[in-house]
Each structure stands twice: as C-alpha cells, then as structure tokens.
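Excluded from the calculations below are hydrogen atoms, water molecules and symmetry mates; all remaining heavy atoms, backbone and side chain alike, are included. Note that the coordinates shown come from a computational prediction; the quantities given were computed from them, not determined experimentally.
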Amino acid sequence: MKKNIIAMNASIMIGLGSILAAPSVYAESISDLEKQKESIQEKRSGVESNISDTEKKIDSLQDKQMTAEDQIAAIEAKIEEFAKKIDAKNAEITQTKKEIEALKEEIKVLKERIAKRNEVLKERALSFQETGGDVNYLEVLFGSSSFGDLVDRVGAVATIAEADRDILKQHELDKKDLEEKQKAVETKLASLEVAKAELLEIQKQQKQQKQEKDALVKKLKQQTEKHEHEKMGLEEEKANLAAQERAIKSAISLEHQRLAELEAARKKAAAEAKKRAEQEAAQAAAQAASQASQATETKKQSTSSGYSAKSNSSSSSSPASSNVSQAPAVSSGTFTRPSAGYVSSTMGERWNKQHAGIDIAASGTVPVVAAADGVVSRSYFSSTYGNVVFVTHSISGQQWTTVYAHLSSRQVGEGAVVAKGQQVGIMGNTGHSYGQHLHFELHKGSWNYSKSNAVNPLNYIPN
C-alpha cells in the first residue's frame with residue numbers, strides 16, 4: 001500500500017497521466033526532468049558567476065570609498081591647518097590695526113609739531129622779508145659795545161641761524177618719517193589682507209574638494225548598498241535554484257521508483273494472466289469430465305467473486321479526505337486558486353516597482369493551498385516575503401514555480417510532495433507586508449531575482 005502511495009505521489013508531482021501508460025512515455029518525462037535539472041545547474045553557474053562579479057564590484061567600490069575617505073581626512077587636516085594660519089593672519093591684522101591706531105596718535109603729534117614749526121618759519125620768513133634778510137644780523141653785530149660782546153653776538157647769530165637750519169631739517173625729517181611710517185603700515189596691512197584672502201581662497205577650494213569627496217563617498221556607499229542588495233537577491237536566487245535542483249532530483253528518483261514498480265506490476269499481471277489461463281484450461285477439462293465437479297467449481301468461483309466485490313465495496317466506502325475549511329474548491333484546470341478572498345492587487349507597476357504577482361486578501365484563518373501538483377523546493381522565512389513556500393512543478397515537460405508569501409505559518413517543508421489543492425500554509429501578514437493577504441507568484445520556469453519568468457496568475461487560475 002505504501003509503495004502505491006509513493007507511486008501516486010510521483011505521478012502527482014510530475015503530472016504525467018495514468019499509471020498504465022507505456023514506459024516510453026515515462027522515459028521521455030525523465031528525460032525532460034533531466035533537461036530541467038541541467039538547465040537549473042547552468043542557471044546556478046551563471047548566478048554564481050554574477051555573485052562573484054558583484055562581490056568584485058563591491059570590493060572595488062569599498063576600496064574607492066576608503067581612498068576617498070583617506071583623501072577627505074587629508075583635506076580636513078589641511079583645512080584645519082589653514083584655519084590656524086588664517087587665525088594667525090587675523091591676529092597679525094588686528095595687531096597691525098592697533099599699530100596704525102598708535103601711529104595715528106604719533107602722526108597727530110607730528111602734525112602739531114609741523115604746524116608749530118610752520119608758524120615759526122613763517123615769522124622768520126616775514127622778518128626776513130621786512131628787514132631785507134641780513135639787516136637784523138648786522139645791527140646785532142655792529143651794535144656790540146666791545147669785542148667780547150661782539151664775539152658773544154656773533155655766536156648768538158650763528159646759533160639762531162643754526163637753529164633755523166635745524167628746524168627746517170627736523171621739519172623735513174619728520175615729514176619723511178611720517179610718510180614712511182604711513183606707507184609701511186599701509187603696505188603691511190595690504191600684504192596681510194592679501195595673504196589672508198589667499199588663505200581664504202585656498203580654504204574655500206579645500207572645502208569644495210571636501211564637499212566633492214563627501215558626495216563621492218555618498219555615491220559610492222549608495223552603489224555599494226545597491227550591489228549588496230543585488231548580491232543578497234542573487235544569493236537567494238542561488239538558494240532557490242539549488243532547492244529546485246534537489247526537487248527535480250527527487251522527482252527523477254521517485255519516477256525511477258515508480259517505473260520499477262510499474263514494471264514489477266506488469267510482470268506480476270502477466271504471471272497472473274498465465275496462471276489464470278492454465279486454471280481455465282484445467283477447469284474446462286474438469287467440466288468435460290464431470291458435471292458435478294463443474295457445479296462445485298462454479299460455486300467456488302461465485303464465493304471468490306462475492307468476497308472480491310465485498311472487498312471492493314469496503315474499499316470504495318472509505319471516507320475521502322475532507323477539504324480544509326474555507327479552502328477554495330479544486331478546479332479542473334492546470335492551476336487552481338491558491339486561497340479564498342478577493343484580489344486586492346494585480347500584477348504590474350506598483351510604488352515605482354514591478355509587482356510580480358497578485359495579492360489575495362481575506363480575514364480570519366484562511367488556508368493556502370498548492371495551485372498544482374509539485375515538490376516544495378523551499379520553505380523558509382524571508383525578510384521581504386516573510387513565511388514563504390516555493391513549489392516546483394513539471395507539467396507536460398514545462399517547469400513552473402509557484403510562490404506563496406506572507407504566510408502566518410508554513411505547513412510543508414522542503415522536499416515535500418504536494419498535491420493540487422493540498423494545504424501548504426495559513427494566510428498572514430509577515431515580512432514586508434501591510435495587512436493580511438497572500439502574495440502569489442507564478443513563474444514559467446525557475447524563480448530568479450529579476451523575476452523575468454513571472455507571468456500573470458490571473459491568466460491561469462479561476463477568478
């Protein structure tokens with residue numbers, strides 16, 4: 001009995017038809033499964049290559065990011081260094097401005113001196129003009145009363161003349177000193193302002209370089225996150241392909257087992273047919289020999305037939321498996337509806353992303369069933385899908401994959417053989433989900449990260 005159930009499950013899993021079909025038909029199915037396995041292996045190899053390429057891109061981006069961050073650190077050090085230089089220049093400018101203020105006081109004193117000297121010189125010039133120059137000096141000299149007085153007067157005149165020359169000379173020196181001091185501090189201040197402006201310009205350029213490097217680091221981080229997300233998707237695709245490969249291998253193994261059992265059943269049926277023929281020949285000979293013996297044999301056959309009918313009747317009266325409450329009726333098409341409820345979201349563009357399946361929403365405890373006969377290739381918790389079950393189907397030589405996501409619980413494990421309409425979980429709200437619903441995907445071929453094999457389930461299941 002157990003062998004018959006395994007054979008039936010193998011038939012369910014690959015959808016190949018009646019158990020009495022010719023062995024060549026099943027051989028072709030095994031060939032199809034082998035081709036599907038080879039296709040999955042090729043896809044896995046391609047995905048592994050893509051993962052390797054993505055890892056190299058991530059490493060390259062991280063190297064560039066580290067280089068950019070080192071450059072930012074160097075730029076920040078230079079910015080800090082130039083900030084100190086600017087502070088020093090500001091201090092020098094402040095000190096120079098203080099010197100200018102002090103110089104203004106000196107200039108004020110010098111101007112007062114010059115003004116006073118100008119008054120003295122004006123008086124001397126006026127006196128010189130009125131007396132004709134040297135008259136005063138002659139009068140002073142000739143008015144002496146003695147030689148000693150003359151000497152004294154000559155010395156006085158010389159002193160006065162020398163004083164005049166000193167006044168003029170000092171006047172000239174003070175003016176020159178004033179001009180030089182003014183020029184010196186103005187030059188120094190202008191030089192400091194220029195140096196400060198240059199430092200500020202360099203600092204501005206460095207800050208701009210830092211902004212550019214910051215923007216580069218941000219971009220590199222975004223690219224790294226993108227590739228890391230892509231890598232996660234590829235690794236998930238790799239895991240799904242590995243699971244599908246195991247499911248196909250299981251299907252091949254079960255199909256070989258079923259074919260072996262079919263061949264054994266065929267041989268047994270042939271032996272039984274031969275035995276029945278021999279029994280019928282013996283029975284015919286016995287009938288020719290004796291009517292009584294024939295009647296006895298007929299009674300035995302009738303008793304045997306009644307027992308068989310009774311057995312068959314007992315077998316047929318066995319209760320059939322009852323449908324799970326609230327589960328939709330199993331339809332006659334290739335795929336049946338996976339759960340009760342209404343379609344809350346269809347396949348297509350949603351939130352600037354491709355919604356690769358449909359959402360079926362309902363409240364309460366809602367069973368989720370397999371849309372077709374198949375093998376559970378994956379049953380796990382995903383950060384996006386939540387509790388999710390992947391089922392691999394082989395129908396008329398074509399591989400299909402169905403996905404049942406956001407389940408509150410999973411009732412089948414990886415490698416389980418499921419029949420069309422068999423419960424695989426309960427509708428829920430796990431993973432990246434808003435409200436209780438079933439996210440159902442149908443892929444013509446294997447599931448992949450880009451979901452390029454996804455088809456619209458509404459074209460295949462009853463509405």
Notebook entry, point to check: Do Gln423 and Val368 come within less than 4.5 Å of each other through their side chains, counting heavy atoms only?
Noted result: no
Next item on the list: Give a yes-or-no answer on whether the side chains of Thr402 and Tyr404 include a donor-acceptor pair shorter than 3.5 Å.
Entry: yes
Notebook entry, point to check: Between Gln65 and Thr224, which heavy-atom pair has the shortest distance, and what is it?
Noted result: OE1-OG1, 4.1 Å
Notebook entry, point to check: If you measure only the distance, is there a donor-acceptor pair under 3.5 Å linking the side chains of Asn448 and Ser452?
Noted result: yes
Notebook entry, point to check: Can you list the residues that meet the side chain to side chain donor-acceptor pair (under 3.5 Å) rule with Ser382, with sequence neighbours excluded?
Noted result: Thr384
Notebook entry, point to check: If we only count heavy atoms from C-beta on, is the Val418 to Asp373 side-chain gap below 4.5 Å?
Noted result: no
Next item on the list: Could you tell me whether the side chain of Lys97 reaches within less than 4.5 Å of the side chain of Leu189, counting heavy atoms only?
Entry: yes
Next item on the list: Identify, with sequence neighbours excluded, every residue that meets side-chain contact (heavy atoms from CB on, under 4.5 Å) alongside Lys56.
Entry: Ser52
Next item on the list: With rounding to the nearest 0.5 Å, note down the distance linking CD in Gln223 to CD in Glu225.
Entry: 11.0 Å
Check: Is the distance between the ring centroids of His432 and Tyr434 under 6.0 Å?
Finding: yes
Check: Within the distance-only criterion (no hydrogens, no angle test), does the side chain of Ser379 pair as donor or acceptor with the backbone N or O of Val412 below 3.5 angstrom?
Finding: yes
Next item on the list: First locate atom CD1 of Ile86, then atom CG of Leu199, and finally report the distance between them rounded to the nearest 0.5 Å.
Entry: 5.0 Å
Next item on the list: Measure the shortest side-chain to side-chain distance between Ile426 and Val366 over non-hydrogen atoms and say whether it is less than 4.5 angstrom.
Entry: no
Check: What salt bridge (charged side-chain N to carboxylate O under 4.0 Å, His left out) pairs are there with at least one residue in residues 403-412, not counting sequence neighbours?
Finding: none
Note to self: Show, in sequence, the C-alpha distance, side-chain angles and deciding distance for Lys85 and Glu81, and conclude whether the salt bridge (Lys or Arg N to Asp or Glu O under 4.0 Å) test is met.
What the structure shows: CA-CA 6 Å; Lys85 290 182 179 180; Glu81 178 186 348; 3.6 Å; yes
Note to self: If I compare all heavy atoms of Ala370 with all of Ala419, which pair ends up nearest, and what's the gap?
What the structure shows: CB-O, 3.6 Å
Next item on the list: Look up atom CD1 in Ile75 and atom CD in Gln208, then write down how far apart they are to the nearest 0.5 Å.
Entry: 10.5 Å
Check: Run the side chain to side chain contact (heavy atoms under 4.5 Å, CB included) check on Val375 and Phe390 step by step: do they pass?
Finding: CA-CA 9 Å; Val375 176; Phe390 286 71; over 6 Å; no
Check: What are the two closest non-hydrogen atoms of Ala68 and Leu216, and how far apart are they?
Finding: CB-CD2, 4.1 Å
Checklist line | Ala327 to Val369 - nearest heavy-atom pair and separation | finding: CB-CG1, 4.2 Å
Checklist line | From CA spacing to verdict: side chain to side chain contact (heavy atoms under 4.5 Å, CB included), Phe381, Val388 | finding: CA-CA 6 Å; Phe381 184 86; Val388 61; over 6 Å; no
Next item on the list: Could you pull out all residues at least two apart from Asn429 that satisfy side chain to side chain donor-acceptor pair (under 3.5 Å)?
Entry: Ser433
Checklist line | Test log, rule side chain to side chain contact (heavy atoms under 4.5 Å, CB included), inputs Ile461 and Ile358 | finding: CA-CA 11 Å; Ile461 66 172; Ile358 61 171; 4.0 Å; yes
Notebook entry, point to check: Restricting to pairs with a member in residues 425-437, which pass salt bridge (charged side-chain N to carboxylate O under 4.0 Å, His left out), not counting sequence neighbours?
Noted result: none
Check: Between Ser339 (side chain) and Pro367 (backbone), is there a donor-acceptor pair under 3.5 Å?
Finding: no
Next item on the list: To the nearest 0.5 angstrom, please state how far the NZ atom of Lys226 sits from the NZ atom of Lys219.
Entry: 11.0 Å
Check: Listed by chain and number, what are the side chain to side chain donor-acceptor pair (under 3.5 Å) partners of Gln71, not counting sequence neighbours?
Finding: Lys213
Check: Between the main-chain N or O of Ser45 and the side-chain N or O of Ser49, is there a donor-acceptor pair closer than 3.5 Å?
Finding: no
Next item on the list: Report yes if the side chains of Val424 and Gln411 come closer than 4.5 Å at any heavy-atom pair, otherwise no.
Entry: no
Check: Can a salt bridge be assigned to the pair Glu414 and Arg246 using a cut-off of 4.0 Å between side-chain N and carboxylate O?
Finding: yes
Notebook entry, point to check: Roughly how far, to the nearest 0.5 Å, is the CD atom of Glu186 from the NZ atom of Lys183?
Noted result: 10.0 Å
Checklist line | SB check Asp214 Lys210 (cutoff 4.0 Å) | finding: yes
Margin query: If I take atom CE from residue Met427 and atom OG from residue Ser363, how far apart are they, to the nearest 0.5 angstrom?
Written below: 9.0 Å
Checklist line | Min side-chain heavy-atom separation Asn456-Thr346 under 4.5 Å | finding: no
Checklist line | Shortest non-hydrogen contact between Thr334 and Ala372, atoms and distance | finding: O-CB, 3.7 Å
Notebook entry, point to check: Yes or no on side chain to side chain contact (heavy atoms under 4.5 Å, CB included) for Ile51 and Lys238, after CA distance, side-chain angles and deciding distance?
Noted result: CA-CA 9 Å; Ile51 290 173; Lys238 177 184 174 182; 4.0 Å; yes
Notebook entry, point to check: With sequence neighbours excluded, what pairs up with Gln422 under the side chain to side chain donor-acceptor pair (under 3.5 Å) test?
Noted result: none
Note to self: Any heavy-atom pair between the side chains of Thr401 and His393 that's under 4.5 Å?
What the structure shows: no
Next item on the list: Please check if the side chain of Ser191 supplies one atom and the backbone of Thr187 the other of a donor-acceptor pair under 3.5 Å.
Entry: no
Next item on the list: Can you tell me which residue pairs pass the salt bridge (charged side-chain N to carboxylate O under 4.0 Å, His left out) test with a partner in residues 189-207, sequence neighbours excluded?
Entry: none
Check: Is the closest side-chain heavy-atom distance between Ile360 and Arg337 below 4.5 Å?
Finding: yes
Please tabulate, for side-chain N and O atoms in residues 435-447, each donor-acceptor pair with protein atoms closer than 3.5 Å (sequence neighbours left out).
unit_1	atom_1	unit_2	atom_2	d
Gln436	NE2	Ala362	O	2.8
Gln436	NE2	Gly364	O	2.9
His437	ND1	Gly435	O	2.9
His439	ND1	His355	NE2	3.4
His439	ND1	Asp359	OD1	3.0
His439	NE2	Glu441	OE2	2.8
Glu441	OE1	Tyr385	OH	3.2
Glu441	OE1	His443	NE2	2.7
Glu441	OE2	Tyr385	OH	2.8
Glu441	OE2	Lys451	NZ	3.2
Ser446	OG	Lys43	NZ	3.1
Trp447	NE1	Tyr385	OH	3.3

Checklist line | Residue pairs fulfilling salt bridge (charged side-chain N to carboxylate O under 4.0 Å, His left out) with at least one residue in residues 389-400, sequence neighbours excluded | finding: none
Notebook entry, point to check: Taking only residues two or more places apart in sequence or in another chain, which ones pass side-chain contact (heavy atoms from CB on, under 4.5 Å) with Lys218?
Noted result: Gln222
Item checked: Counterpart residues, side-chain contact (heavy atoms from CB on, under 4.5 Å), relative to Gln354 (two or more places apart) -> Met347, Glu349
